[in-house]
Amino acid sequence: MAATRIDCDIHPAVGGTRTTLLPYLDDHWKEQVVSRAIDGLDLNSNPPSMPLSGRADWRPADGKKPGSDLAMVQRGAFDQLGASHAICNVVYGAQAVFDPYMAAGFCKAINDWIAAEWLDKDKRLRASIVVPMQAPDLAVEEIERRAGDNRFVSVLVLSQGEMLLGRRHHWPIYQVAEKHKLPIAIHAGSAYRTAPSSIGWPSYRYEYYLAEAQAFQAQALSLIYEGVFGKFPGLKVVLMESGVSWLPAFMWRANKTWRGVRVEVPWVEREPASIIRDHFRVTMQPFDGPPDATGVADVIDQIGSDKMFLFASDYPHWQFDGDDPIPPHLPKNIVARMCEDNPLETFPRLKLDS
């Protein structure tokens, strides 16, 4: 086991708006939560009752949400799965609220709650800043408010929101994120503004879950072709729970198409695959690679970079059984880099001795 094993994606759960966030809300939103009986803003894309959202042995016996108990998370992520440090990504409905002011108030409460109830109580924990992407000006305010705390190491957004992430509408967020050395962590999940599938609404969650890869592909293309990385060359993007095996074919096709129609985007001056290798990172749970060592090695070789992969357990989500969150058949050099070197390069604010 590596001495340093940085888990880039664990999920503390908000127990409930009234039971968890009320002390951290402004007076106006406290009154609104109580008078309107607002509670349970869990995203439909990740319902706590779904088996995938919490492995059986990681579900609290008292019926609370998996990931809502700090002591249980510490035992699972650190003692059982061997992380030395972990980044908390709170995926909750605050990001999907239609009222931008309410969304901003709830995001602020989540960030204050995670700092006080988790980061203050365990020096091994870090967190992403949750922001209301539907209101870039308010998202910028929240990043600036929290940027002075180096325990916040990235900015968390959902893979499916109101519009593609490369659009100039979002650029003020990237400007302040680059300034504070905060990568953009795009996490699987939907605000359900549009259909999860590019051609309509699926009948089953299984279809939605599989279609998530399409959302990540669309966001990657948007960020590249809109020129985000030309404008913000220091920006990194982390794809969380995106899967990995779609990357080789996607990178090949993006290159091929760019060669034919790049006159439309003259600011994209090099192959998309090269931009992806420089600016994008992927977490390695869930890992959707082939079942054999040769196939896994082929996927890694086709991606063409040992810097893109980040260790993650996705605790307490059910992506694997047993105590080893390292996907099988990964080359040893990839395992060594993804546990320490790659996270430290991706998250510059991740100071392990502070």
Side-chain angles (χ1 to χ4, degrees), residues 4 6-11 85-91 95 107 110-111 114 119 125-133 136 139-140 142-159 161 164-166 170-189 215-216 219-224 226-242 244 247 274-285 303 305-312 314 337-352 354:
T4 300
I6 302 166
D7 192 334
C8 296
D9 187 34
I10 69 168
H11 294 289
H85 302 79
I87 300 173
C88 301
N89 294 303
V90 182
V91 180
Q95 295 135 301
C107 286
I110 287 174
N111 295 328
I114 204 73
L119 306 187
L125 293 173
R126 304 295 188 272
S128 295
I129 303 173
V130 179
V131 297
M133 290 295 284
V140 166
E142 184 58 16
I143 294 170
E144 292 282 15
R145 189 182 74 88
R146 269 297 170 190
D149 186 344
N150 282 324
R151 298 175 303 176
F152 287 91
V153 299
S154 54
V155 175
L156 186 68
V157 305
L158 297 176
S159 62
L164 286 165
L165 290 172
H170 295 118
W171 283 22
I173 297 171
Y174 306 144
Q175 182 178 27
V176 72
E178 182 188 46
K179 180 179 76 171
H180 292 294
K181 296 180 169 55
L182 290 159
I184 302 298
I186 305 176
H187 197 284
F216 283 103
Q219 299 294 16
L221 282 181
S222 176
L223 290 162
I224 293 168
E226 294 278 359
V228 169
F229 302 110
K231 183 69 174 180
F232 310 106
L235 191 68
K236 290 286 194 296
V237 173
V238 181
L239 306 181
M240 295 186 165
E241 297 189 39
S242 64
V244 176
L247 272 165
S274 177
I275 296 173
I276 289 171
R277 292 184 186 105
D278 285 348
H279 291 277
F280 285 83
R281 303 292 181 260
V282 292
T283 59
M284 295 295 273
Q285 282 293 352
I303 290 172
S305 172
D306 63 355
K307 295 182 178 181
M308 286 183 61
F309 309 108
L310 302 174
F311 167 67
D314 196 28
R337 282 200 62 91
M338 76 181 197
C339 288
E340 181 176 5
D341 293 344
N342 290 352
L344 291 175
E345 292 171 7
T346 302
F347 302 95
R349 295 159 60 102
L350 191 59
K351 309 295 184 183
L352 303 185
S354 61

Subject >> Interatomic spacing from NE2 in His85 to SG in Cys8 - rounded to 0.5 Å >> reply: 12.0 Å

Subject >> Over all atoms of both residues, closest heavy-atom pair of Leu182 and Val153 >> reply: CD2-C, 3.4 Å

Original post:
Between Ser154 and Phe347, is any pair of side-chain heavy atoms under 4.5 Å apart?
Top reply: yes

**OP:** Provide the closest heavy-atom pair for Ile10 versus Ala86 in the form atom of the first, atom of the second, distance.
**Re:** CD1-CB, 3.7 Å

Subject >> Distance-only donor-acceptor check, side chains His11 and Glu241, under 3.5 Å >> reply: yes

Subject >> Leu125 versus Cys88, closest heavy-atom pair with distance >> reply: CD2-SG, 3.9 Å

Subject >> Partners meeting salt bridge (charged side-chain N to carboxylate O under 4.0 Å, His left out) with Arg146 (sequence neighbours left out) >> reply: Asp112, Asp149

Original post:
Which atom names give the shortest non-hydrogen contact between Arg337 and Pro343, and what distance separates them?
Top reply: O-CD, 3.7 Å

**OP:** Identify the two heavy atoms, one from Val131 and one from Val157, that lie closest to each other, and give their separation to 0.1 Å.
**Re:** CG2-CG1, 4.3 Å

**OP:** Mind running side-chain contact (heavy atoms from CB on, under 4.5 Å) on Glu226 and Leu164 for me, showing each step along the way?
**Re:** CA-CA 10 Å; Glu226 294 278 359; Leu164 286 165; over 6 Å; no

Subject >> Side chain proximity check, Val237 to His279, heavy atoms < 4.5 angstrom >> reply: no

Original post:
At what distance, to the nearest 0.5 angstrom, does CZ of Arg281 lie from CZ of Phe309?
Top reply: 10.0 Å

Original post:
About how many Å separate CD1 of Ile114 and CZ of Arg126, when rounded to the nearest 0.5 Å?
Top reply: 13.0 Å

**OP:** With the side chain counted from C-beta on, respond yes when Phe280 and Ile224 share a heavy-atom pair under 4.5 Å apart, and no when they do not.
**Re:** yes

Original post:
Should Asp9 and His187 count as side-chain neighbours, where that means a heavy-atom distance under 4.5 Å?
Top reply: yes

Original post:
Can you tell which of Gln219, Gln95, Met133 makes a side-chain contact (heavy atoms from CB on, under 4.5 Å) with Leu158?
Top reply: Gln95

Original post:
Is the backbone N or O of Asp306 less than 3.5 Å from a side-chain atom of Asn342, with the two atoms forming a donor-acceptor pair by type?
Top reply: yes

**OP:** Would you give the length of the straight line joining atom CZ of Phe216 to atom CG of Leu247, rounded to the nearest 0.5 angstrom?
**Re:** 11.0 Å

Original post:
Can you list the residues that meet the salt bridge (charged side-chain N to carboxylate O under 4.0 Å, His left out) rule with Asp278, with sequence neighbours excluded?
Top reply: Arg270

Original post:
Counting N and O atoms only, with roles assigned by atom type, does the side chain of Arg349 sit under 3.5 Å from a partner on the main chain of Arg151, one being a donor and the other an acceptor?
Top reply: no

**OP:** For Leu350 and Leu344, work out which heavy atoms get closest and say how close.
**Re:** O-CD2, 3.5 Å

Original post:
What residue among Ile87, Ile6, Val238 forms side-chain contact (heavy atoms from CB on, under 4.5 Å) with Leu310?
Top reply: Val238

Original post:
Between atom CE of Met308 and atom CD1 of Ile303, what is the distance when rounded to the nearest 0.5 Å?
Top reply: 6.0 Å

Original post:
How far does CE of Met338 sit from OG1 of Thr283, to the nearest 0.5 angstrom?
Top reply: 10.0 Å

Just distance, no hydrogens or angles: give the donor-acceptor pairs under 3.5 Å from side chains in residues 172-180, sequence neighbours left out.
from	atom 1	to	atom 2	distance (Å)
Tyr174	OH	Leu165	O	2.5
Glu178	OE2	Gly234	N	2.8
Lys179	NZ	Glu144	OE2	2.8
His180	NE2	Glu144	OE1	2.9

Subject >> Sidechain-backbone polar pair: Ser159 side chain, Gly189 backbone, donor-acceptor under 3.5 Å >> reply: yes

